[in-house]
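Beneath this line is the structure, given in structure tokens, with notes to follow.
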Amino acid sequence: MTRHARNCTAGAVYTYHEKKKDAEASGYGTERQRLGKDSIKNFDCCCLTLQPCRNPVISPDGFLFDKEAILEYIITKKNEISRKMKEYEKQKKKEENELAELAAAEKSSRLNNFLKTEKNIVSSPINAFKATSEEKPSVSNMADGRAKQLPSFWIPSMTPQSKKSALPKPDKTIYCPMSGKPLKVKDLLDVKFTEVKDPDDKKSLIVKENRYMCAVTHDILSNSVPCAVLRTTGDVVTMECVEKIIKKDWIHPLTSEKITEKDIIPLQRGGTGYSTTNNEELEAKHNRPVLQA
């Protein structure tokens, strides 16, 4: 089959380019776009606010947060858990009251049946053809405590088909917004970045492109440079410094203290625009209405 031009409308083949072009023009389908470097947060930015951290802290999994933002997140989660716990306790108390009412109703029913049986035991014969009004059973649907069991067809929550949704017991554990693992305030570690000191550059720290450097080798830190945080002091160093200097003797190069493998926390980076970097979810999707046949 011969090929035809992209704008040709007389061909028998509906090419992929034509289909994609028509989908963009119609406003239907899913748009995909690869994110560049400008769309990814920097290594020194908070994972919640996406802004440079003023008081940086790091989680045990290596995610960087602004101290104010992560504490506000934890307080908000605690308030939400407290609210859900109150609703759960209210529901539990209501169920206990309902069980108590059912037990009282059952006890009252047994008492009524006993009194009715005792009333039927008489010494004189009963004339079956002359039944009094007291002996006739009540036909009212409101008698014998059945008023509370009646359905209501004009209230959605009281219809016969409606079922009460039981609230589960809320989990009191607060999870990290990035890793999904349990997070506590005492697990957060203060991070100490080493600023780049250039007397000729008089710009503000936020405006500078090269803001921080390695505390040992003074290499410039960026998203393309793997970094780590030393737990004992909170200093940020490059992974190259960790491999070539720190792991050689397992001594902190600034304080001469003994450190272990657990004292080295790899800093999670935002990534770069290059495919060789271990990036996550660098493709953005915009779901538009789907054209149905």
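Please read these numbers as outputs of a predicted model, since none were measured by experiment.
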Q.
Measuring from atom CD1 of I246 to atom CD of E261, what distance do you get when rounded to the nearest 0.5 angstrom?
A. 10.5 Å
Q | Heavy-atom neighbours of E89 CD exceed 12 at 6.0 Å | A | yes
Q.
With a 3.5 Å distance limit and no angle check, can you tell me whether E257 reaches the backbone of T232 through a side-chain donor-acceptor pair?
A. no
(Q) Looking at every heavy atom in both P177 and Y73, which two are closest together, and how far apart are they? (A) CD-CE2, 3.7 Å
Q | Heavy-atom donor-acceptor pair, N42 side chain to D44 backbone, under 3.5 Å | A | no
Q | Under-4.0 Å salt bridge between E106 and R110 | A | yes
Q | Over all atoms of both residues, closest heavy-atom pair of C46 and D66 | A | SG-N, 3.2 Å
Q) Going only through I, L, V, M, F, W and Y residues with side-chain contacts under 4.5 Å, is there a path from L189 to L267? A) yes
Q) Under 6.0 Å from the NZ atom of K247, do we count more than 12 heavy atoms belonging to anything else shown? A) yes
Q. Hey, does the side chain of N112 reach the backbone of S108 with a donor-acceptor pair shorter than 3.5 angstrom?
A. yes
Q) Taking C-beta and beyond as the side chain, do L254 and L230 meet within less than 4.5 Å on heavy atoms? A) no
Please output the side-chain donor-acceptor pairs of residues 47-65 that fall under 3.5 Å, not counting sequence neighbours, one pair per line with the distance.
| unit_1 | atom_1 | unit_2 | atom_2 | d |
| --- | --- | --- | --- | --- |
| T49 | OG1 | Q51 | N | 3.4 |
| R54 | NH2 | E68 | OE1 | 2.8 |
| S59 | OG | F63 | N | 3.2 |
| D61 | OD2 | S179 | OG | 3.0 |

Q: Give a yes or no on whether F43 and M178 share a hydrophobic cluster (residues Ile, Leu, Val, Met, Phe, Trp, Tyr; joining criterion: side-chain heavy atoms under 4.5 Å apart).
A: no
Q. Got a second to check how far W250's CH2 is from K258's NZ, nearest 0.5 Å?
A. 10.5 Å
Q.
Keeping N79 on the side-chain end and T76 on the backbone end, is there a donor-acceptor pair under 3.5 Å?
A. no
(Q) Surrounding CD of E240 (heavy atoms of other residues, nucleotides or ligands, distance under 6.0 Å), is the total greater than 12? (A) no
(Q) Within this structure, what is the OG1-CG distance for the pair T233 and D190, rounded to the nearest 0.5 Å? (A) 11.5 Å
Q) Tell me, do I74 and V185 make a side-chain contact under 4.5 Å, heavy atoms counted? A) yes
Q: Could you tell me whether the side chain of K192 reaches within less than 4.5 Å of the side chain of V236, counting heavy atoms only?
A: no
(Q) Applying a strict under-4.5 Å side-chain criterion to I, L, V, M, F, W and Y, I'd like to know whether V229 and M239 cluster together. (A) no
Q: Measure across L167 and Q91 and return the closest heavy-atom pair with its distance rounded to 0.1 Å.
A: N-OE1, 2.8 Å
Q.
Suppose we screen for salt bridge (charged side-chain N to carboxylate O under 4.0 Å, His left out). Which residues come up paired with E96, at least two apart in sequence or across chains?
A. none
Q) Looking only at heavy atoms, what is the nearest atom pair of C241 and V216, with distance? A) SG-CB, 3.7 Å
Q. Is it the case that one hydrophobic cluster holds both F193 and V237, taking links as side-chain heavy atoms less than 4.5 Å apart, direct or via other members?
A. no
Q.
In the structure I gave you, are the side-chain heavy atoms of E243 and K248 within less than 4.5 Å of one another anywhere?
A. no
Q. Counting distance only, does the side-chain N/O of T117 pair as donor-acceptor with the main-chain N or O of N113 below 3.5 Å?
A. yes
Q. By side chain to side chain donor-acceptor pair (under 3.5 Å), which residues pair with T217, not counting sequence neighbours?
A. D219
